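Everything numeric here is computed off the predicted structure, so don't read it as measured data. Labels below follow one simple rule: chain letters A, B, ... track the order of the sequence lines, proteins then strands, and each chain is numbered from 1.
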Amino acid sequence: MRIATFNVNSIAQRIEPLKQWLKEREPDVVCLQELKCVDQAFPRGAFQDLGYNVAVHGQKTYNGVAILSKLKFDEVEARLPGDHSDDHARYIEAVISVKGGVVRVASIYLPNGNPAPGEKYDYKLAWMERLTAHARALLANEEILVLGGDYNVCPTDADVYDPEAWREDALCRPESRANFRKLLYLGYTDAVRAHHAEPGLYSFWDYQAGAWQKDNGLRIDHLLLSPQAADRLTAVGIDKAERGKTEPSDHVPVWCELDVAA
DNA sequence: ATGCCGGGCGAAGCCCGA
């Protein structure tokens with residue numbers, strides 16, 4: 001079973017490249033972020049035509065998350081618990097039936113947090129604390145669980161092209177990294193790091209300043225696996241080539257393969 | 001790279017992302 005995460009930077013602008021990538025990579029489940037559209041405007045038909053069920057939690061102009069799944073959804077829950085006043089569409093979670101059990105998947109668009117320090121950084125850190133509390137609660141289910149998304153955190157200096165230049169940025173500041181590590185300490189596994197120790201593995205390249213051409217990238221899109229998922233991890237990948245195609249997102253898909261019969 | 005690009009909104013120029 002292949003599960004991917006992809007920040008599309010506007011689903012309306014990415015329909016054709018996303019469809020092409022789905023045909024080539026054939027993921028069973030895809031977590032999408034930064035839809036920048038309301039639920040009614042999501043191009044469901046384009047993905048249903050490829051055999052995907054669609055769960056959307058959209059928002060006008062900003063944010064917006066979705067899950068595509070070849071297998072049907074048993075449950076879908078939008079919104080991260082812990083703050084009813086939070087109206088950003090940044091979280092959706094689904095339970096998917098597989099042979100002999102279920103797989104739970106969440107699509108996460110964690111706040112960027114810049115400029116830091118400031119209100120936006122406080123919001124990011126508070127959001128991460130809510131995510132940690134929810135992630136802790138989910139572990140009690142002992143399920144095959146994947147928390148996929150744009151975490152807007154470079155976990156270590158090995159995940160940044162120029163660590164010194166980014167040290168004060170909200171993506172790299174110690175509080176952001178400490179909160180990311182708390183997720184790992186709960187028992188989650190960073191799928192990419194489970195298979196690859198080398199630096200220079202990136203999932204985002206800015207549109208500006210020739211970042212792509214200079215390979216000035218960041219690794220901020222992650223798949224965090226519950227122990228039950230990590231035990232079944234057989235492969236991971238970052239589809240870097242997508243960034244070099246026409247009209248790309250500034251992020252690329254990250255995927256993992258779990259030994260689970262779909 | 002401090003927003004140089006790209007997208008949304010909405011019909012010019014501002015806001016936003018990372």
Original post:
Under 4.0 angstrom, heavy atoms only, what part of the nucleic acid is A/D150 near: base, sugar-phosphate, or nothing?
Top reply: sugar-phosphate
**OP:** Scan side-chain atoms only and decide if A/Y202 and A/N216 contain a donor-acceptor pair under the 3.5 Å cut-off.
**Re:** no
Original post:
What distance, rounded to whole Å, do you find between the two P atoms, one in B/dA11 and one in B/dT2?
Top reply: 31 Å
Subject >> Length of the line joining A/F204:CZ and B/dA1:C1', which is rounded to integer Å >> reply: 12 Å
**OP:** Determine, for nucleotides 2-11 of chain B in 5'-to-3' order, which nucleotides have protein heavy atoms under 4.0 Å from the base (write B), from only the sugar-phosphate (write S), or from neither (write -).
**Re:** -BBBSSSS--
Original post:
Among A/E77, A/E143, A/E142, which residue meets the salt bridge (Lys or Arg N to Asp or Glu O under 4.0 Å) test with A/R104?
Top reply: A/E143
Original post:
When rounded to the nearest Å, what value does the distance between P atoms of B/dA1 and B/dA12 take?
Top reply: 35 Å
Original post:
What nucleic acid atoms does A/N152 come within less than 4.0 Å of, heavy atoms only: base, sugar-phosphate, or nothing?
Top reply: sugar-phosphate
**OP:** Starting from the 5' end of DNA chain B, give me the residue, A/D250 or A/Y161, whose nearest nucleotide shows up first.
**Re:** A/Y161
Subject >> Basic-acidic side-chain contact under 4.0 Å: A/D157, A/R167 >> reply: yes
**OP:** Considering only NZ, NE, NH1 and NH2 on the basic side and carboxylate oxygens on the acidic side, decide whether A/D215 and A/K240 come within less than 4.0 Å.
**Re:** yes
Original post:
Can the ring centroids of A/Y151 and A/F180 be said to lie less than 6.0 angstrom from one another?
Top reply: yes
**OP:** Answer yes or no on whether A/K19 is positioned over the face of A/F47, meaning its NZ or CZ is under 6.0 Å from the six-membered ring centre and within 45° of the axis.
**Re:** no
Original post:
Checking all strands, does A/Y109 fall into the base, sugar-phosphate, or nothing category for heavy-atom contacts under 4.0 angstrom?
Top reply: sugar-phosphate
**OP:** Give A/K120 one of three labels, base, sugar-phosphate or nothing, depending on what nucleic acid heavy atoms sit under 4.0 Å from its own.
**Re:** sugar-phosphate
**OP:** For A/N63 and B/dC16, give me the distance from atom CG to atom P, rounded to whole Å.
**Re:** 12 Å
Subject >> Whole-Å distance separating the CG atom of A/L218 from the P atom of B/dG17 >> reply: 16 Å
Subject >> Integer angstrom distance from the P of B/dC15 to that of B/dG10 >> reply: 15 Å
Original post:
So, for A/Y109 and A/H88, is the gap between ring centers shorter than 6.0 Å?
Top reply: no
